[in-house]
Number of protein chains: 2
Amino acid sequence: MARTAADTTDTTQPQGRIRRENVERILKAAERVFAEAGFAGATMADIAERAGLPKANLHYYFGTKDDLYRAVLDNILQMWLAPIGSFTPDADPAATLTAYVTAKMEASRTRPHASKVFANEILHGGTQVERFLAEDLKALVDAKAAVIDGWVAAGRMAPVDARQFLFMIWAVTQHYADFDVQIRKVLGRRTLTRQDFAAMTAEVLRLVLRAAGLPEAQIPEPQIADSETPTDSVLSNL
Amino acid sequence: MARTAADTTDTTQPQGRIRRENVERILKAAERVFAEAGFAGATMADIAERAGLPKANLHYYFGTKDDLYRAVLDNILQMWLAPIGSFTPDADPAATLTAYVTAKMEASRTRPHASKVFANEILHGGTQVERFLAEDLKALVDAKAAVIDGWVAAGRMAPVDARQFLFMIWAVTQHYADFDVQIRKVLGRRTLTRQDFAAMTAEVLRLVLRAAGLPEAQIPEPQIADSETPTDSVLSNL
DNA sequence: GTCTATAGCTCGATAGAC
DNA sequence: GTCTATCGAGCTATAGAC
């Protein structure tokens, strides 16, 4: 008990390395299990098994199931806001939106579990992220909406309600992570490949830029190598 | 036991009316509790309390928690496909899309719990709706995508990937039900009124029609009475 | 057909040996 | 710092009185 506090701060010692590795393993396993089963559906035993550790160790490192869940969420929220940083008054709207949508689609491809944990949390009331939503996220949206309003006022893009335009981008890009099962079943595919995501990203960009009244010419074509996906990208699937 | 089977079919008897009413109360309560807590987080006691019935009655009518959940889902899936029916080759693209988006937004406003139950099911793997997705929904999407492809080929709307265009509409419209907590917190609002939804629907329509390359002139203005929402619709919220 | 009381089980959490 | 063994809360489901 006396050592626990010391180990937490003193991460330079050999024990600190093991602690950090175990914490990392547990967080990664927890993110996946919470994504697949939700908070209530996830069990500490499932998480322990996926992390390759005894159940008691989870409680040793994180105390309660609630504490572990909050740690997973904190991890996710931290990265959630990052990619929107490039919205600045002087930036080019088409280039900025292209970069942002691409980053969001890439997040849906590489960290689908994070998106699902967040979606699940919001879906069920978001009690654990109330402050994040009402303070951090609201402040960010206010700031970025002002940038978009500026672009609209300057005639650099079509008139849009800035906040709803951001909601639309979130809804569409996160949909590819959160509803992947539906997308795969409807398209008749077992998995969505990197090439599929490149094609889907290009189409999302086309729709978003058109909705923003920006010329399609500014969209970089994805250039999918035909060698890897013989003839059928997800866009010509049937 | 002998009577149970009889009652199920013979709904004209006095007992049939009580049964139907109780089943209805339970389904309605269950939809709400499953939406708020997810399948695993919902308890039969919660559902019973909200339905105003003893817990044992739920098991009398529906057997197991799984059976009740499937009944709730079946209810939802049935209405899920209805509003897309008006996609026909000869229909006007702008009018059809306007009606469809409006119907989807209206569903998000009036039956948010249904949307959340479905979202939760998909989010966690969709094992209970696999056949629905791979058969009914896929067939419907194939048919409607063909209609959209026809519109595009005839030059009646801008070129889009029909399936992804449908995904975009679903993602955006359902977002207003599934992520209502986030939307409210970011906009700094306690509730979303009917007027808010009218304004949000108009903006979604504007974005969707622009993405489809259709003239905005064809969008019916929502005409929100200023008397009820003094000056600030959700679109001029800050 | 309705409801109370409870059996049986799963899971979060912890005591205590190592 | 690690892990096994187990306690106890809370849940689904049902038996059995009415």
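- Within the structure, ring-ring contact (aromatic ring centres under 6.0 Å, His included) contacts touching residues 114-136 of chain A (residues at least two apart or in different chains) are A:W80-A:F118.
- We find that CZ of B:F62 is positioned 18 Å from C1' of D:dT14, with the value rounded to whole Å.
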Does the pair A:D142 and A:K138 meet the rule for a salt bridge (Lys or Arg N to Asp or Glu O under 4.0 Å), with working shown?
CA-CA 6 Å; A:D142 288 350; A:K138 182 176 192 303; 3.2 Å; yes

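- Summarising the geometry, the separation between CG on B:L58 and P on D:dC11 is reported as 15 Å, rounded to the nearest angstrom.
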Using a 4.0 Å cut-off on protein heavy atoms (strictly under), produce a 5'-to-3' string for nucleotides 2-18 of chain C with B for base contact, S for backbone-only sugar-phosphate contact, and - for none.
BBB------SBBB----

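- Side-chain atoms of B:E31 and B:Y69 form no donor-acceptor pair, as typed in the model, at a separation below 3.5 Å.
- Residue B:I26 holds its CD1 atom at 8.0 Å from CE of B:M44, rounded to the nearest 0.5 Å.
- Taking the centre and axis of the six-membered ring of B:F39, the NZ or CZ atom of B:K65 falls inside the cone set by 45° and 6.0 Å.
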